[in-house]
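What follows is a set of notes on a single structure, which appears directly below.
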Amino acid sequence: MKPTDERETLDVLGERLTEAEQGMRARRRGLIVPTLAGVALLVGLSFTPPGRVFAGEIGDLVGIGDEPSVEQRFENEADAVVVDAGKAPGGSDYEIVALTSFQVSIGEMPGNPVIESERTDELCFSLDIPSRGDTNGICFTSENFQEEIEERVVRGRLNPAPAVLRPETELIVSGHASAEVADVSVTYIDEDGNEEVAPVGFGRLTTELADEIGSERIGGAFYAFLPTGLKKLDDEPPSAAPRRFSTLPKPPRVTITALGDSGEVIARSQADRSVLSPVRPVSFQDLGEDERSLGHFLRKCEEEIALEAPLRPECEIRPVFGKPGVE
Amino acid sequence: MPRLSTAEGPFHGERFAALYQEQSHDLLVFFARRVYEPELALDLTAETFPQALISRRKFRGTNDADAARWLYGIARHQLHHYFRNGEAEGKALRKLGLEVPDMSDAELARLVEESGLDELRAAMNGALSALSNEQRQALQLRVVHELPYPEVASRLGISEASARARVSRGLRALASHFESNPLPEEAT
């Protein structure tokens, strides 16, 4: 054991901790810069009330790179990191969390060793509301996920907002973006026919953050908060067949715009409009331990969701965020 | 010294420094009395604070006492990890790129004294000496040398079931001994 200098060991450790803590804050400031630039651009596009409210909260964007405030509820969570944080309309703090998880073969029982050859790695994103302990996640398991996400650039899907965000937010547009996307803008048409900009939370899973959670995949995830009173798009008649999950008869048109580092438009797409309307909303937290992988649930029920067919009883819960590629 | 009042939310900056100043020494003693090794106690202390720093946003308390309870909860997790895996976790230290400083011989000696380790070791030796030779040997192989039960059984020339039984009975006897002969109280 080598003696240190004249300072006590605990003082030395404390000093190193202080330096590390200051370094953590500096890194977070650096990570926030692209997001702030994106929000500023978004506000520049439209001085809508929700836009101003959201922009006013950018000072609260802290915690990027931290562990999430809410314990994640995925079956096999590995590591998780906050990629964005802020306030949703209504004032609730939110965190966008990226985490790695994995699925194992059917028949794998708790307590048994994981069979590596039958393990499928997942990249998951979750919109967490820490004050309510609420998590709303979706996992991507496709081996070609990185290629798909790069090819599509940006893609989103309309879903009912979690109960904790109501009544200020009626619908959520959740989606993912390629690594080149620095920010995402989401617009909708209000009841008067005016195009409005929705508040958006956008987080980038950079290479640095991906390393922290052991993910080989990088990219962005976003959540747009849409209020009530959106203009309905068309006159599609509602389905005559009774469904546990029915499409809303007149879904709104929502446009997603992917922006580059300089605010340039990289791509645009329309949000998938097959909004799933729950008959019996069930909180994710109410599910049993073995049901708490939303990715698992979506795979189990994706055929019914994709075909908008009547759901089996075991699918009679609300998939908060849809799976990309399910039309 | 800045106070730990956390009514505004998770602590950071000066408030975290205050938590460190107020708790680091006591925590070092806490670990030392549980692992009996001052250097290992320093490793565990050094891992606990970075872990607290990284996860400080999970803190939901409102005052100094809450902060201390929260910190000791993390400390116990570190302790359990050590008992399960035989080494300090080190994950948070690596994440922050921190190295654990070395303690001087004088500091080591002072920590042994402050933690009452000599007393504890004497008490443990007394408890072990009260066990039968068979139980003591089984405990030494299993707990001290951390050998798997088949190896313990092989070295003792008995079946694995018998080895498990001897270790189990030895641990129960130790627990019973310390119930009637409590270890010296922590000074803190």
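Lettering of chains follows the sequences in order, A, B, ..., and the numbering in each one begins at 1. Since the structure is predicted, the reported quantities are computational estimates derived from the model, not experimental observations.
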What distance separates A:Leu13 CG from B:Leu42 CG, expressed to the nearest 0.5 Å?
6.5 Å

Nearest heavy-atom approach of B:Glu107 to A:Thr9 is OE1-OG1, 2.6 Å

Is the number of heavy atoms from other residues, nucleotides or ligands within 6.0 Å of CD (B:Glu99) greater than 12?
no

Do A:Glu8 and B:His25 come within less than 4.5 Å of each other through their side chains, counting heavy atoms only?
no

Does any N or O in the side chain of B:Tyr20 come within less than 3.5 Å of the main-chain N or O of A:Leu10, such that one atom is a donor and the other an acceptor?
yes

Could you look at B:Arg94 and say if it's the side chain, the backbone, both or neither that has a heavy atom under 4.5 Å from chain A?
neither

